[in-house]
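Reviewing the structure listed below.
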Amino acid sequence: QVQLEESGGGTVQPGGSLKLSCVVSGGTLAYYQIGWFRQAPGKEREGVSCRRSGDGSTRYGSSVRGRFTISRDNAKNTMYLQMNNLKDEDTAVYYCAASRRSLITSRCLIDSEYEYWGRGTQVTVSS
């Protein structure tokens, strides 16, 4: 059974940085498409970033493009989300997700495309 577990969340001041990690167990990360999503209180879950296996193509939500970077270390079965220049509106619970489906890049920010999810980690940006 594939399981995902996030870590690295916390509270940071505006302009600060955090790096989220997500360890995958029960499967080989190299074969999975990966994504990061977030959900703020009272809002729907939104796609933050995704990365395909194989060609490694990436996609970012418009609100985080240029500030966040998704990466993966297949040897460690771990995916990452580096978040820089954080803003108040980045406050949310962040989830990692993985899929064995053959996702096209244009659909990899859609949460219904993913079968496996972590439980989430809280990120709070506040002065």
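Owing to the predicted nature of the structure, the values given are computational and were not obtained by experimental measurement.
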Would you please test Ser126 and Gln13 for side chain to side chain contact (heavy atoms under 4.5 Å, CB included) and show each step?
CA-CA 5 Å; Ser126 174; Gln13 292 185 341; over 6 Å; no
Give a yes or no answer on whether the side chain of [X] reaches the backbone of [Y] with a donor-acceptor pair at less than 3.5 Å.
X     : Y      : answer
Glu5  : Val23  : no
Thr58 : Cys50  : no
Gln82 : Thr69  : no
Thr91 : Val125 : yes

Check the side chains of [Y] and [X] for a donor-acceptor pair under 3.5 angstrom, ignoring hydrogens and angles.
X     : Y      : result
Ser99 : Glu113 : no
Arg38 : Ser63  : yes
Asp73 : Thr78  : no

Relative to the ring of Tyr94, is the ring of Phe68 parallel (under 30°), tilted (30 to 60°) or perpendicular (over 60°)?
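Rings of Phe68 and Tyr94: tilted, 30 to 60°.
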How about [X] and [Y]: do any of their side-chain heavy atoms sit closer than 4.5 Å?
X      : Y      : result
Cys22  : Met79  : yes
Tyr116 : Gln1   : no
Trp117 : Asp111 : yes
Leu81  : Val48  : yes
Ile34  : Tyr114 : no
Tyr80  : Ile70  : no
Thr124 : Val12  : no
Cys96  : Phe37  : no

Return the minimal non-hydrogen interatomic distance between [X] and [Y], and the atom names on each side.
X      : Y      : result
Ala40  : Ala92  : N-CB, 3.8 Å
Pro14  : Asp88  : CG-OD1, 3.4 Å
Ser53  : Ala30  : CB-O, 3.4 Å
Ser112 : Arg101 : O-NH1, 3.1 Å
Arg65  : Tyr60  : NH2-O, 2.7 Å

Does the side chain to side chain donor-acceptor pair (under 3.5 Å) test come out yes or no for Ser57 and Thr105, once each step is laid out?
CA-CA 7 Å; Ser57 57; Thr105 308; 3.0 Å; yes
Could you give the distance from CZ (Arg107) to CG (Leu109), rounded to the nearest 0.5 Å?
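These two atoms lie 11.0 Å from each other.
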Run the numbers on Val123 and Leu20 for side chain to side chain contact (heavy atoms under 4.5 Å, CB included), then give the verdict.
CA-CA 9 Å; Val123 172; Leu20 305 183; 4.1 Å; yes
Counting neighbours of CD on Gln122 that are heavy atoms of other residues, nucleotides or ligands and sit closer than 6.0 Å, is the number greater than 12?
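Counting other residues, nucleotides and ligands, CD of Gln122 exceeds 12 neighbours.
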Exceeds 12 heavy-atom contacts within 6.0 angstrom, atom CZ of Arg119
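Not buried by this count: 12 neighbours or fewer within 6.0 Å.
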Run the side chain to side chain contact (heavy atoms under 4.5 Å, CB included) test on Met83 and Lys19 for me, step by step, so that the C-alpha distance in whole Å, both residues' side-chain angles and the decisive distance to 0.1 Å come before the verdict.
CA-CA 6 Å; Met83 306 184 294; Lys19 186 173 184 177; over 6 Å; no
Worked verdict on Gln39 versus Glu46 for side chain to side chain contact (heavy atoms under 4.5 Å, CB included)
CA-CA 6 Å; Gln39 187 166 22; Glu46 66 168 326; over 6 Å; no
With Arg67, the side-chain hydrogen bond (donor to acceptor under 3.5 Å, both in side chains) member among Asp90, Asn85, Asn84:
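Single pass found, and it is Asp90.
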Within 45 degrees of the axis of the six-membered ring of Tyr32 and under 6.0 Å from its centre: does Arg100 put its NZ or CZ there?
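Yes; both conditions hold, so Arg100 lies above the ring face of Tyr32.
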Please say yes or no: joined through hydrophobic side-chain contacts below 4.5 Å, possibly via intermediate residues, are Trp36 and Ile110 part of one cluster?
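Per the 4.5 Å side-chain linkage, Trp36 and Ile110 are not co-clustered.
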Could you tell me which residues satisfy side-chain contact (heavy atoms from CB on, under 4.5 Å) with Ser102, sequence neighbours excluded, listed by chain and number?
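For Ser102, no residue satisfies side-chain contact (heavy atoms from CB on, under 4.5 Å) once neighbours in sequence are set aside.
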So does Arg52 pair up with Asp55, basic N to acidic O under 4.0 Å?
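Looking at Asp55 together with Arg52, the answer is yes, because their closest N to O distance falls below 4.0 Å.
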